[in-house]
**Q** 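One structure is given below, represented as C-alpha cells, and several questions about it will come after.
Order of the sequence lines fixes the chain letters, A, B, ..., with proteins taken first and strands second; residue numbering starts at 1 for each chain.
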Amino acid sequence: MASEVNTDFLQDKKLDSIAADILRPVGITQGFVVWMGFLGISLMGCIYAYSIQWDKGLIVTGLRDYTSWGMYIANFVFFVATSLVGMLISSILGLIGFKWVKPIARIAEIIAVAFAAVAGLVIIIDMGHPERLGNVFLYGRIQSPIVWDVTVVITYLTISILLYFLPLIPDLAISKGRMNHTPKWLQNLYEVMSVKWQHTPEQYRLLMKAIRILLILIIPTAFAIHTVTSWLFAVTLRPGWDSTIFGPYFLTGAFVAGSAAVVIVMYFVRSNYKLDKYLTNHHFDMMGKLLVLVSIVYLYFNINEYLVPAYKMKTAEAIHLHDLFVGEYAVMFWSVQLLGLVLPIILLLFSFFRKPFSMLIISIVVLVAAWFKRFLIVVPTQDHPFLPKQYVPQAWMVYQPTVIETAITVGTLLLVLIIITILVKFFPVIPIWEMAEEQHELDHKSQK
Amino acid sequence: MKRYFILLIIVRFSLQLSAQEWVVAPADAALKSPFAFTDSTRKAGEAIYVANCKSCHGDPGKNNAIQLVPIPPDAASVKMQANTDGAMHYKLIQGRGPMPSFKNTLSSTDLWRVISFMRGYNPKYVQEVALPTIAGAAAQNVSIKLDWNKASGQVEASLTSLKGQVSQPVAGAEVKLFAKRYFGNLPVDEARKSDAAGKVAFNFPKDLPGDSIGNVQLIVKLTDEVAYGEASAEATLAVGVPTNRPALTAPRAMWGVLAKAPIWLIFAYLLAVLTAWGFIAYVISQIKAIYRAGSKEQL
C-alpha cells in the first residue's frame, strides 16, 4: 500500500462503475434472508444444547479427568489458526508489495475477525459456566501461558477489527450516496462509521499511517497468538506435545487452514455477487500457489514432528505414535495427512486444479482436514497419562464427544458463518477505492 | 492323563472363582468390637464414613457407588452385611485392589465406629460385643510419655496406667512409633513390647530430616486397643537432622503465585502488552484525527 494516495481517482468515471458493481449485492436480499434464517434456526438448536450444558455442567460432554481438553479446545485451536490468514495476506504479502492481494485482503480480514471473535467464545464454553472467565483475571498467574493466550487473543482481535475497519472508511464515504437500494438504517450506519470522511489528502495521510502501523503490529501479534496457543501444549512433558517446534508447526498449519478458508469465501462471494471481474481466475490461481507453498512448509514441519520422535521411539512417545500410525486414530491420522495435505499439494501443482471450482473443493477438504488435525493434536495425547489409568469408570478411559458437545461446536461454526455473512452482506467486500485507484493508475500509465 | 488335565482345569477355575471371594481367616472373622454400638458410635462412624468411604461406596442404601472395577459394594447391601464384624474390620485393615488399606489412617476404634455406622442399615443385625478382657479392664487410662535419650540415640516411651490413685507401669504392651510427615505417618523402627518397668526403647534413624532446629513430631500408639483402649501420645523432640531449606514457593519462580512471578517475566509481559496497546491507542487517536479533519472540511 502506497502511503501517498493520489486522489485523482475520485474524479474518474470508472469509480462509478466499480462502486456500482461492488455495492449491488449490499443490503437485504431474499437469498440473504433464507440463508440467515437457516443459520439462525440451526443456531437455536445449538443454543438449546448449550443451555443443557449451562444447567448440568460439563458432565454432559465427553470430557472427564483424563481427557479434559476435547473437541472444544481442538475447535479453539482451529479457529485461532484459521484467523491468522488475515495477517498473512494483508500484512506479509501486502507489505512485500503483491498487488493481487488487494481485492482479497478484506475477505481475509473478515475471516480473521470472525474466527478470532468466536475463538474467545469457545474458550468460555470450555470453562463450563461462563462467569468462570472472571477467575482468569482474578486469579490468573502471569507465569501461565493461558494468561498470555487470553491477552494475545484479545489484542489480535482488536487489531484485526481495526484492520478491517480502517480501509473500509473511504469505501463507506464513497458508498453513502450510492445506497438508495438499501434500508435507511444501513445508510445511517455508514454515515456514522465513515467518521466524516471527505477524501482530503490529510485524511488519506492519517489513514495510511494508521493502517501501516497496524499492518506491522499485527505480524508479531499473530505470531504470538498462535505460538502461545501452541505453548499451551508444548510447555508440558506429555508425549505428542513435548516438542520444541510446536510454535512454527502451529503457525504454518494456521496458514494452510486460513488460505483454504479464504478460497472458500472468495468462491461464494464471486459466484453469488457476480464479481468475476474483481476476483478473477488469476486470483484463484495465485491463492492456489499460496496454498501449495504453505502446505509444503507445513508438510515439512509434519515430517519433523512425527519422524524424529518415531525414529527414537521413547517409550511414552511410542505408545502415542502407535495410536496415531496404526492404532485407534490411524484412519483419522492418515486421512488428514494424505487427503488434507499430500494430495492437495500434488493436485495444486497443476494449473488445471487451480481453477475456482476445483480450488473450492480442494479447500473444503483441506479445511475439514485442518479441523481434524487439531483434534489429533489435542486429544490422543491425553489418552495416555504417565500414571496408569486404574480403577476408574469405563467412560473415563476413552474420550467420546457427546451429541451435546458436538452441537455446541457446530453452533460456534454457525456463529462464524453468521459473522462472515453479515460483514460480507452489509459492507463492500472488495475495497472500492483501492480498485478505483489501481484502475486509474493503470489507465494513466497507458495514456502516457 | 486326560482326567488329570480335566482335574487341573477344574482346580484352576475354582481357584479363579475363589480369587474373587475375599477370604477372611476364621480367627479374624471372629473378632468383635470392644464396645457396644450405640447412637453415639453410629454418629461418630457416619462422620468417618463421609470423609473416607463415601467417595467410593456412595450413600448407604442408594446404590450410587462409583463405577470402579470391582464396584465397591453398597454399605447396606447383602454382600456388605454378610460380613461378620471381624471380617469387615479385617478388610478395612487389609484393603484389596482399589479398596485402600486403612491400617495407618484410622485407629481401630474409628474402624469399629464406621462398622457400627454401616450396621445401622441392617435391621436384622444383632451385635455381639467382645468379652471384656482382664487386661482391658485392668489397664484403663493408659498414658504414654515420650523422651529422647541422647546418649543411646533412642526414643523412649514409658507406659503407665492409673489405678485408683496409684500410677502403675504397664508391662508387656505392644507400641508403635511414627514420625509425622507431610502426607501421613512414617513408621519408625518395629513394634516393641514394654518391659516390666513399662519402658520401651525405639532405635531412631540418624538421618531423618527435622525442621530448622531438628524437631520432629513423634506419635506413639498402643497397638492392642481391645486390651488397653485407645492410647497414644504425641511429642515434638529434637531427634531429626536440622534442615533449613527455604520453601520452594519462597523465591520468585515460574511455579510461584502471581505475587512471586519472576521480575523479568513481569517486565517482558508488560512491555509487550503496553507496546501493542500503545500502538492501538495511537491508531484509535488517528481515527479521531480523521474525524476532526473531516469536520473542519465540512465547515
Side-chain angles (χ1 to χ4, degrees), chain A residues 137-145 147-148 151-152 154-163 165-166 169-170 173 192-218 220-221 224-225 228 235 389-397, chain B residues 55-58 64-72 95-100 248-249 251-299:
Chain A
F137 301 101
L138 287 176
Y139 309 111
R141 294 161 57 251
I142 206 175
Q143 296 100 313
S144 160
V147 166
W148 311 342
T151 314
V152 279
I154 295 170
T155 310
Y156 182 77
L157 178 61
T158 310
I159 300 177
S160 293
I161 290 174
L162 286 172
L163 211 41
F165 173 60
L166 287 181
I169 295 174
V192 174
M193 283 176 67
S194 60
V195 291
K196 294 238 171 358
W197 185 264
Q198 307 285 335
H199 301 286
T200 66
E202 166 72 357
Q203 284 183 319
Y204 269 110
R205 197 185 55 76
L206 290 169
L207 183 73
M208 296 319 281
K209 192 165 78 179
I211 291 177
R212 212 174 173 77
I213 289 173
L214 290 176
L215 285 177
I216 295 169
L217 184 62
I218 201 166
T221 313
I225 184 177
V228 170
V235 293
K389 295 196 252 190
Q390 284 176 320
Y391 313 130
V392 294
Q394 193 51 40
W396 298 20
M397 290 284 192
Chain B
S55 57
C56 290
H57 285 272
N64 57 354
I66 188 175
Q67 299 297 298
L68 304 178
V69 193
I71 296 175
R96 185 171 83 168
M99 165 75 192
L248 281 175
T249 48
R252 289 187 175 275
M254 285 307 266
W255 56 83
V257 292
L258 179 58
K260 295 278 185 187
I263 298 283
W264 65 265
L265 185 68
I266 299 173
F267 181 74
Y269 178 86
L270 289 181
L271 185 71
V273 170
L274 291 179
T275 310
W277 284 90
F279 279 119
I280 290 173
Y282 178 74
V283 165
I284 291 173
S285 79
Q286 294 302 91
I287 299 177
K288 265 187 157 166
I290 289 172
Y291 183 86
R292 255 178 289 150
S295 312
K296 240 192 305 178
E297 188 77 6
Q298 263 180 344
L299 290 177

**Q** Between A:Phe165 and chain B, with a heavy-atom cut-off of 4.5 Å, which part of the residue counts as in contact: side chain, backbone, both or neither?
**A** side chain
**Q** Around atom NZ of B:Lys288, are there more than 12 heavy atoms of other residues, nucleotides or ligands at under 6.0 Å?
**A** no
**Q** To the nearest 0.5 Å, how far apart are CD1 in B:Ile280 and CG in A:Leu214?
**A** 7.5 Å
**Q** Does any backbone or side-chain atom of A:Thr221 lie under 4.5 Å from a heavy atom of chain B? Answer side chain, backbone, both or neither.
**A** neither
**Q** Drop me the distance from A:Trp396's CH2 to B:Ile66's CD1, to the nearest 0.5 angstrom.
**A** 5.0 Å
**Q** Taking the side chain as C-beta and beyond, is there a heavy-atom pair between A:Ile159 and B:Phe279 under 4.5 Å?
**A** no
**Q** At a 4.5 Å cut-off on heavy atoms, which part of B:Ala272 comes close to chain A: side chain, backbone, both, or neither?
**A** neither
**Q** When rounded to the nearest 0.5 angstrom, what is the spacing between CD in A:Gln203 and CD in B:Glu297?
**A** 7.5 Å
**Q** Evaluate the side-chain proximity of A:Leu217 to B:Tyr282: yes if any heavy-atom separation is below 4.5 Å, no if none is.
**A** no
**Q** Does a side-chain heavy-atom distance below 4.5 Å link B:Ile290 with A:Lys196?
**A** no
**Q** With heavy-atom distances below 4.5 Å as the criterion, would you say the side chains of B:Ile287 and A:Leu206 are in contact?
**A** no
**Q** Taking atom CG as the centre, does A:Leu138 end up with more than 12 heavy-atom neighbours from other residues, nucleotides or ligands that are less than 6.0 angstrom away?
**A** yes
**Q** Are more than 12 heavy atoms, taken from residues, nucleotides or ligands other than B:Tyr291, located less than 6.0 Å from that residue's OH atom?
**A** no
